[in-house]
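Let me begin by presenting the structure, written as structure tokens, before commenting on it.
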Protein chains: 2
Amino acid sequence: MKKAEQERLLRRADILKALAHPSRLLMVEKLAEGERCVCELQKMVGADMSTVSKHLSVLKRAGLVQDDKRGLQVFYRLLSPCVLNFFTCVESVIEARKKRGRAACEIAK
Amino acid sequence: MKKAEQERLLRRADILKALAHPSRLLMVEKLAEGERCVCELQKMVGADMSTVSKHLSVLKRAGLVQDDKRGLQVFYRLLSPCVLNFFTCVESVIEARKKRGRAACEIAK
DNA sequence: TAAGTATTTGGTAAAATAGCCAAATAGTGT
DNA sequence: ACACTATTTGGCTATTTTACCAAATACTTA
């Protein structure tokens with residue numbers, strides 16, 4: 001495999017990795033409704049402030065969100081709403097998996 | 001946050017995590033063209049056979065691919081082609097990031 | 001300037017992931 | 001049964017990720 005190809009895959013994987021965490025998924029969902037300050041997101045996620053801040057910096061480094069400091073607070077907003085389309089696909093994978101699970105169960109009887 | 005909500009996020013994150021690796025991304029791309037046996041995928045990825053096999057089991061456990069043993073070989077196929085749509089979005093995130101990078105560079109001058 | 005609030009950063013420990021090798025398993029042909 | 005090939009599994013180490021706490025920073029208001 002060529003080096004350029006390798007890097008292309010790595011960049012893509014990094015963005016998916018940034019999304020691949022329950023707390024970060026929740027924040028992305030919430031940010032889809034509009035910008036939120038870190039303190040609001042922290043309440044929603046229910047983790048330590050520093051933990052939430054680090055999760056946000058992961059999303060930011062991936063280029064998925066943008067931050068905007070206003071006074072004491074920092075507001076984050078979603079830069080790429082297209083990621084929301086992932087969720088429908090992901091749900092369909094989960095549904096199909098369930099269906100196969102049930103079918104396998106029937107056969108096992 | 002409720003427990004059901006927590007689990008929903010966890011299930012979604014697990015599927016994204018399964019995709020979030022360069023080798024697994026490559027395999028998904030290749031499988032989009034049609035089924036492939038492990039040995040073919042191994043050549044494409046260029047890693048140890050056992051490593052490739054484990055990556056495939058991650059994709060399988062996530063419900064993204066299905067395996068089918070025929071003789072000595074095991075053929076894998078993509079179960080959810082909708083994940084291919086992720087790539088366009090991911091590319092757009094990368095492009096937007098580049099563009100912002102260039103703009104920041106201009107300002108810095 | 002001092003005190004208070006919101007956020008980030010640094011440090012650290014625990015857990016998850018990734019890679020390779022060697023060994024086990026499964027199917028084929030002799 | 002034996003040798004041969006394709007794949008998976010187990011074991012190990014190195015790396016990465018995650019979460020929390022404590023300390024640093026940034027901004028506001030008294």
Side-chain angles (χ1 to χ4, degrees), chain A residues 1 3 6-7 9-28 30-31 35-78, chain B residues 1 3 6-7 9-28 30-31 35-78:
Chain A
M1 198 181 352
K3 195 184 160 207
Q6 187 64 259
E7 279 171 10
L9 291 166
L10 198 61
R11 274 194 303 273
R12 288 187 177 193
D14 277 338
I15 291 178
L16 289 170
K17 224 187 306 185
L19 284 170
H21 185 287
S23 305
R24 293 195 292 264
L25 277 185
L26 180 63
M27 295 197 281
V28 166
K30 294 303 180 184
L31 291 175
E35 62 170 24
R36 296 274 184 278
C37 71
V38 184
C39 51
E40 286 174 298
L41 293 166
Q42 193 237 325
K43 278 177 207 125
M44 292 166 178
V45 168
D48 195 85
M49 188 61 151
S50 67
T51 303
V52 172
S53 173
K54 276 172 189 168
H55 279 310
L56 284 165
S57 87
V58 169
L59 290 174
K60 184 181 164 187
R61 195 146 29 81
L64 294 164
V65 303
Q66 200 168 42
D67 60 346
D68 178 22
K69 181 153 199 169
R70 294 206 289 277
L72 271 179
Q73 295 171 320
V74 178
F75 290 86
Y76 279 85
R77 68 190 185 81
L78 189 60
Chain B
M1 199 182 350
K3 195 185 160 205
Q6 187 64 259
E7 280 173 7
L9 291 166
L10 198 62
R11 274 194 304 273
R12 288 187 178 192
D14 278 339
I15 290 178
L16 289 170
K17 224 185 309 183
L19 283 171
H21 186 285
S23 306
R24 293 196 292 264
L25 276 184
L26 180 64
M27 295 198 279
V28 166
K30 294 303 182 183
L31 291 176
E35 60 170 25
R36 295 276 183 277
C37 71
V38 184
C39 51
E40 285 174 300
L41 293 166
Q42 193 237 324
K43 277 177 208 126
M44 293 165 178
V45 169
D48 194 86
M49 187 61 150
S50 66
T51 302
V52 172
S53 173
K54 276 172 188 169
H55 279 310
L56 284 165
S57 87
V58 169
L59 290 173
K60 184 181 165 189
R61 196 146 30 81
L64 293 164
V65 303
Q66 200 168 43
D67 59 346
D68 178 21
K69 181 153 199 169
R70 293 206 290 278
L72 271 179
Q73 295 171 320
V74 178
F75 291 86
Y76 279 84
R77 66 191 186 81
L78 189 60

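Below, all heavy atoms of this structure are taken into account, side chains as well, without hydrogens, waters or symmetry copies. Reminder, nothing fancy here: chain letters follow the sequence lines and each chain counts from 1.
For A:Arg12, the side chain to side chain donor-acceptor pair (under 3.5 Å) criterion is met by B:Glu29, B:Glu91, not counting sequence neighbours. Taking the side chain to side chain donor-acceptor pair (under 3.5 Å) definition, one finds that A:His21 meets it with nothing, sequence neighbours left out. With sequence neighbours excluded, the residues that form a side-chain contact (heavy atoms from CB on, under 4.5 Å) with B:Asp68 are B:Arg70.
Considering only side-chain atoms of A:Met49, the nucleotide from C:dA6, C:dG11, C:dG19 that sits closest is C:dA6.
Of the residues in residues 16-23 of chain B, not one places a heavy atom less than 4.0 Å from an atom of DNA chain D.
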Passes salt bridge (charged side-chain N to carboxylate O under 4.0 Å, His left out), B:Asp14 versus B:Lys17? Steps please. CA-CA 5 Å; B:Asp14 278 339; B:Lys17 224 185 309 183; 3.6 Å; yes
What do the steps show when you test B:Val28 against B:Leu19 for side chain to side chain contact (heavy atoms under 4.5 Å, CB included), and what is the final call? CA-CA 8 Å; B:Val28 166; B:Leu19 283 171; 3.9 Å; yes
Counting primed atoms plus P, OP1 and OP2 as sugar-phosphate and everything else as base, spell out the protein contacts along nucleotides 22-30 of chain C at 4.0 Å heavy-atom distance: B, S or - for each nucleotide, 5' to 3'. B---BBS--
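Rounded to an integer number of Å, the gap from CG of A:Leu25 to C1' of D:dT18 is 15 Å. Atom-to-atom, CD of A:Gln73 to C1' of D:dT29 comes out at 15 Å; the value is rounded to the nearest Å. Distance CG (B:Asp67) to P (D:dA6): 18 Å, rounded to an integer number of Å. Here the C1' atom of nucleotide C:dT7 and the CZ atom of A:Phe75 are 12 Å apart, to the nearest Å. The distance from atom CG of A:Asp68 to atom P of D:dA26 is 17 Å, rounded to the nearest whole Å. The nearest whole Å value for the distance from the CZ atom in A:Arg36 to the C1' atom in C:dA6 is 18 Å. The separation between A:Met27 atom CE and D:dT18 atom C1' is 12 Å, rounded to whole Å. As rounded to whole Å, 14 Å separates atom C1' of C:dT17 from atom CG of A:Asp14.
In terms of phosphate contacts, A:Thr51 brings a side-chain nitrogen or oxygen within less than 4.0 Å of OP1 or OP2 of D:dC20. A:Tyr76 has a side-chain polar atom (N or O) that falls below the 4.0 Å cut-off from OP1 or OP2 of C:dT8.
Here the options are A:His55, A:Gln73, A:Met27, A:Met49, the test is side-chain contact (heavy atoms from CB on, under 4.5 Å), and the partner is A:Val38; only A:Met49 passes. Looking at A:Leu26, A:Leu64, A:Val65 one by one, the single match for side-chain contact (heavy atoms from CB on, under 4.5 Å) with A:Leu31 turns out to be A:Val65.
Each end of the helix from C:dT1-D:dA30 to C:dT30-D:dA1 gets its own axis, taken as the rotation carrying the C1' atoms of four end pairs onto the next four within a five-pair window, and the two axes meet at 20° to the nearest 10 degrees.
Between A:His55 and B:Ser53, the residue anchored closer to the 5' end of DNA chain D is B:Ser53, taking for each the nucleotide with the nearest heavy atom.
Within the 4.5 Å cutoff, the side chain of A:Leu41 has heavy atoms near those of the A:Leu56 side chain.
Listed here is the closest heavy atom pair of A:Pro22 and B:Leu10: CG-CD1, 3.5 Å. Taking all atoms of both residues into account, the shortest heavy-atom contact from B:Met44 to A:Met1 is O-CE, 3.9 Å. Across all non-hydrogen atoms, the minimal contact from B:Ala13 to A:Leu25 is N-CD1, 3.5 Å.
Using a distance-only test at 3.5 Å, with no hydrogens or angles considered, no donor-acceptor pair links the side chain of A:Gln66 to the main chain of A:Lys60.
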